Structures are given as C-alpha cells and as structure tokens.
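Okay, so here's the structure we're looking at.
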Amino acid sequence: MNRSRSSWNKKAPQPPVTRMTRSSSSQTRPTDPTETHDSGTGPYGKQRRKQTDSALAQDLSQMSVSGLDALPTSEGKMSKGSCVPVQAGQSSGSISSPGSPSALAAKSSSQGGLASVARLVKLGRCKNVVVVAGAGISTASGIPDFRTPGTGLYANMEKYNIPYPEAIFNIDYFSNDPQPFFSLAKALYPGSHRPNYIHYFIRMLHHKGLLLRMYTQNIDGLEKLCGIPDDKLVEAHGSFATASCHLCYTAYPAEEAKHAIMNDNVPICTFCAATVKPDVVFFGEDLPQKYFLHTKDFPKADLLIIMGTSLQIEPFASLVNTVRSTVPRLLLNRHAVGPFEKVPLRRGDHMELGDMEDTVRRFAEMLGWNDEIEELMRSQETLTIPTLISSPGSVSGQTSFQRRGAPEPPGGMETSRSRPGGQRAASSGSEETDSETDSKSSASSSLSN
Ligand code: CNA
C-alpha cells in the first residue's frame with residue numbers, strides 16, 4: 001500500500017469528559033429492565049471488551065452453526081461479567097428455540113402487539129418516540145448485518161483474513177494492520193447503498209412530528225440519506241462522514257481519506273504520521289458526545305421502537321432498559337433479543353418477529369402511512385440518486401459489495417475524549433426536502449449544551 005498525505009487540521013484540545021467506550025456483548029446489562037431508570041450518565045461505567053480471542057472464536061463458531069429462522073435463533077453471547085460463551089437457553093437467555101420461553105413469548109406477542117401499538121399512535125398517545133436500531137434495518141438495502149448466519153459479517157470473515165470477527169473493529173488490530181478494515185470500508189462507504197422502506201418509515205415518524213430521536217448503531221449513513229435530520233439522529237457508533245488520526249485524533253479531510261482508501265492507499269496523519277481512519281467507533285473507543293443525549297431522551301420517551309439489532313453491543317444495548325417502566329416497547333426483529341427474551345414480557349412490551357420490511361409495511365398500513373411513505377421514497381430517491389452517481393464513493397457500488405459477500409460495518413463509537421467528532425456538526429447526508437418542523441426542538445437544543 002502506498003501512503004498518501006494531505007493538509008492537516010489539528011484539533012483543538014478538548015476538556016476532559018466522561019468516557020463511554022464500546023464493548024462487545026452485554027456484559028453489564030442490568031438484569032431487570034424495570035429497575036433501571038436512567039439519569040445522569042446512565043448505569044454503565046466505562047467498559048472494555050474482556051473477551052479473549054479464543055472465547056470469541058468459540059462464541060462465533062456457535063453463531064455460525066445456528067440456523068436462520070423467523071423465530072428465535074441461536075446467537076452466541078457472553079455472559080455478564082465472564083468470558084464464557086453462553087449457549088442457547090442458558091442463563092443469559094440469549095438463545096431461544098421453538099417452545100422455549102422466548103419462542104412462546106414471540107408467539108403470544110404476535111397476537112396483536114403491532115396493532116396495539118398502532119392504536120396507541122393513532123390515539124395520539126405516542127408523541128415522543130425513540131427508535132433504537134441496528135444493522136437489521138439495512139439488510140434490505142443489501143448490507144449484511146453482523147450475526148445473521150450465512151450472510152452476516154461474522155460468517156464471512158475469511159475474506160478479510162482476520163483471526164476473529166471483531167478484530168476488524170479492534171483499534172489495536174487496526175493499528176498494526178489497517179488493511180482488513182479498509183477492505184471492508186471500501187464496500188461500506190456511503191454511496192453504494194440506498195435507504196429502504198424501514199428507513200423511510202422512521203423518516204415518516206419525524207415527518208409526523210413524533211420522532212424524539214433515533215439512536216442507530218449503523219455506520220452506513222442511510223438514515224441521513226433518507227432525510228432524517230441530523231438533530232434527530234444519534235449515530236452511536238460513528239460514521240464515515242468525518243475522519244481522523246486513530247492515534248492523536250487530528251482531524252483529516254474525510255473526502256481525502258475516502259479517496260485514499262478507495263484507491264488502496266493509507267491516509268496518513270500529517271501531525272503524527274499514524275494511520276487515519278474514518279470516525280467509525282471501534283471496540284475500546286469512546287462513544288460520541290451526542291450519545292449522551294440518551295440521558296434526556298429516554299426518560300422522556302412515550303414509545304420505544306427497537307429494530308433490527310441483536311442488542312449485543314454495550315453500552316448501546318442497555319439503552320432499551322432506560323425508558324420508564326410504563327412506556328410501551330416494540331421490538332421488530334427476526335427473533336427475540338435482550339429483555340424480550342424473558343417470559344413473561346414486561347407489561348407494555350410487544351414484539352413482532354419476522355422479516356422487518358414486511359413487518360414495517362404492515363405497521364405503516366395500520367397507521368395509514370403507507371402511501372405517504374411510498375411517495376416520500378419516490379421524491380427523496382429522485383433527489384439523492386444524482387448526487388450519489390457523481391460521488392466518488394459510488395465506484396464500490398452495491399454490486400461489487402455483494403459479489404464479495406462483504407460483511408457489514410462495524411459499529412463505531414465516537415470518543416468523548418478529545419475527539420471533536422463528538423460534537424461534530426454532522427456532515428449531513430441528509431437533504432431535507434419537505435417542510436417538516438421539529439416539534440421536539442427542546443430536546444434537540446440540548447446538543448449545543
Ligand atoms: P447484529 O448483531 O448483526 O444484529 C442484527 C439483528 O437484526 C439480528 O438480530 C438479526 O436477526 C436482525 N435482522 C437482520 N436482518 C433482518 C431482517 N431483514 N428482518 C428482521 N430482522 C433482521 O447487528 P447489531 O446492529 O445489533 O450490532 C451492532 C453492530 C453491528 C454495530 O456496531 C454496527 O456498527 C454493526 N453493523 C452495522 C451495519 C450497518 O451500518 N449497516 C452493518 C453490519 C454491522
């Protein structure tokens with residue numbers, strides 16, 4: 001690989017702030033969802049990944065043998081506070097099978113849960129909706145998730161020549177060998193994929209003045225691309241919109257980083273000569289400052305929608321336990337995850353299992369929003385596609401990504417340490433096209449606090 005240089009922009013020193021790092025698995029998840037009511041910085045302290053490579057390898061081999069099903073599937077998960085992978089149906093309850101409590105809960109939940117929530121929305125009882133999302137909302141756009149057997153990143157690691165899946169998002173591994181991540185980044189850079197119906201459904205929540213905030217683990221930028229405004233979005237695991245030195249955090253022009261990576265060059269920090277990376281949060285890195293909006297948002301939420309996530313990455317996963325205990329929570333996923341694996345479900349919890357695009361379409365029909373969403377998709381796609389065609393990133397298009405069977409993106413988190421990205425002004429992938437008004441401006445204004 002060649003090395004490229006570019007003009008640099010040294011970041012101003014930042015005041016010390018509370019750090020929240022990304023870690024794999026739900027090691028410190030509160031055990032009783034009804035007990036945790038977040039205030040302040042939340043129940044999670046600084047966490048580091050404690051898994052050993054061998055434990056991870058074992059964990060992943062369990063994942064790869066699990067079947068893909070509309071009902072709960074097997075997913076490896078580390079037990080709280082230990083390095084021992086937990087098997088289906090064991091103490092953490094992470095894996096369920098037909099007939100298991102989760103499957104029974106799934107069965108009972110599918111009897112009208114979606115309709116109940118739709119009714120609440122139509123009655124005007126949900127005006128501060130918080131959405132928590134993961135890679136599953138983008139699989140319909142052709143971007144693999146982490147854990148879906150067969151297609152997920154974890155099942156396709158050999159393509160990247162790494163010892164274990166999470167190495168691709170491990171900052172120490174990157175420091176030694178950025179190539180695996182850069183190979184993946186080439187496939188994931190925004191410009192290759194289009195938002196799907198699910199993204200536009202969330203955009204419609206905003207359009208209706210109901211979206212308090214969307215918290216996404218995704219780094220594909222599709223939320224912004226479909227027009228969800230930046231002040232409604234927390235990209236908890238960072239994004240490709242900015243780039244910086246992985247060592248000293250000196251900012252680096254994102255377009256130049258992209259150009260270098262797309263051309264198999266390594267972008268180099270002009271300040272310390274270490275490797276530059278897109279500001280996607282790696283394991284062990286801090287979350288963006290914006291993430292801390294959750295301390296205000298979740299207590300205020302009157303409906304929580306959890307979509308397309310296995311709730312395996314902390315501290316993000318525990319967010320779902322920080323809404324008030326009376327607040328309805330709706331899980332849309334292929335299988336039960338997190339607190340929805342427990343039976344009985346908490347009062348007010350609903351889940352609708354199966355393919356999410358189908359589920360979300362049904363939900364939209366119940367709400368009477370389907371035609372508007374279709375129209376919104378048509379108008380937004382017309383506006384954004386020309387931009388993408390002229391984008392340098394479009395060379396890696398979806399086709400080549402799929403051909404390589406490429407996995408998915410890492411979650412990134414941004415740092416609260418001296419990373420300006422924490423407050424970065426969102427290089428908007430979003431092109432606001434309608435006259436939506438932000439009915440939750442009071443919450444948004446906290447960004448500048
Ligand atoms: P995950 O662990 O792969 O979980 C995804 C979940 O979505 C699983 O439970 C799947 O069963 C479910 N799912 C996938 N497709 C569908 C579908 N069509 N219908 C219903 N359910 C579906 O991914 P998480 O997001 O929970 O993990 C967090 C990681 C993944 C974050 O750090 C992300 O950055 C990272 N990631 C991001 C992307 C992206 O940006 N698109 C892609 C892959 C991974």
Side-chain angles (χ1 to χ4, degrees), residues 22-26 49 59-60 63 66-77 94-96 102 132-156 165-166 168-170 181 184-185 187-190 192-199 215-225 235-240 278 280-283 285 287 306-317 319-320 331-338 340-341 351-361 398 401 406-414:
R22 175 190 188 188
S23 69
S24 167
S25 90
S26 312
R49 230 164 31 101
D59 195 24
L60 292 163
M63 287 178 203
S66 62
L68 173 59
D69 212 320
L71 277 178
T73 62
S74 305
E75 281 191 83
K77 180 163 141 183
S94 64
I95 304 174
S96 48
S102 298
V132 161
I137 70 167
S138 293
T139 54
S141 297
I143 304 176
D145 64 5
F146 265 175
R147 292 178 177 84
T148 292
T151 56
L153 174 62
Y154 283 3
N156 290 282
E166 284 162 0
I168 208 159
F169 305 127
N170 179 298
F181 172 71
L184 179 61
L188 293 178
Y189 257 112
S192 309
H193 303 279
R194 306 299 312 151
N196 63 58
Y197 191 92
I198 303 163
H199 296 97
Y215 286 76
T216 184
Q217 297 166 94
N218 293 347
I219 54 172
D220 54 32
L222 296 185
E223 296 89 356
K224 285 181 181 172
L225 204 54
E235 293 174 310
H237 293 177
S239 77
F240 287 93
V280 163
V281 182
F282 279 30
F283 292 115
E285 289 195 300
L287 294 157
I306 303 155
M307 316 172 90
T309 172
S310 59
L311 294 179
Q312 294 283 312
I313 308 281
E314 293 290 0
F316 193 94
L319 284 180
V320 303
L331 172 70
L332 308 179
N333 208 42
R334 247 191 206 115
H335 54 90
V337 294
F340 293 82
E341 293 175 299
M351 59 181 165
E352 195 76 13
L353 305 182
D355 180 77
M356 209 180 348
E357 201 172 6
D358 292 347
T359 308
V360 170
R361 278 183 191 276
Q398 182 170 348
F401 174 73
E408 50 198 24
M413 335 224 113
E414 219 161 40

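Please read all numbers here as calculations on a predicted model, not as lab measurements. Reckoned from all heavy atoms, side chains included, excluding hydrogens, waters and symmetry mates. Both counts, for ligands and for their atoms, begin at 1 and track the order of listing.
- For Thr309, heavy-atom contacts with ligand 1 shorter than 4.0 Å involve the backbone as well as the side chain.
- Nearest heavy-atom pair, Phe240 versus Ile219, reported as atom, atom and distance to 0.1 Å: CD1-O, 3.3 Å.
- Within the 4.0 Å heavy-atom criterion, both parts of Asn333, backbone and side chain, lie near ligand 1.
- Both the backbone and the side chain of Asp355 come within 4.0 Å of ligand 1, judged by heavy-atom distances.
- At a heavy-atom cutoff of 4.0 Å, ligand 1 is contacted by the backbone of Pro144 but not by its side chain.
- The shortest heavy-atom contact between His199 and Ser141 is CE1-OG, 3.9 Å.
- Not close to ligand 1: Ala317, with no non-hydrogen atom less than 4.0 angstrom away.
- Selection from Glu235, Arg147, Gln312, His193 by nearest heavy atom to atom 27 (O) of ligand 1 gives Arg147.
- At a 4.0 Å cut-off, not a single heavy atom of Leu153 sits close enough to ligand 1 to count as contact.
- Note: an N/O pair closer than 3.5 Å links Ile219 and ligand 1 by distance alone.
- Judged by distance alone, the side chain of Asn196 and the main-chain N or O of Glu357 form no donor-acceptor pair under 3.5 Å.
- Using modelled atom types, one side-chain atom of Asp355 and one backbone atom of Asp358 make a donor-acceptor pair closer than 3.5 Å.
- Applying the 4.0 Å criterion to heavy atoms of Gly308 picks out, from ligand 1, the atoms 5 (C), 6 (C), 7 (O).
- Distance check, rounded to the nearest 0.5 Å: CG of Leu222 to CD1 of Ile143 gives 4.5 Å.
- With contacts defined as side-chain heavy-atom distances shorter than 4.5 Å, the pair Ile313/Phe283 qualifies.
- Remark: Thr216 engages Ala133, Met214, Asn218, Glu223, Leu233, Glu235 in a side-chain contact (heavy atoms from CB on, under 4.5 Å) (not counting sequence neighbours).
- Heavy atoms of Ala135 found under 4.0 angstrom from ligand 1 belong to the backbone as well as the side chain.
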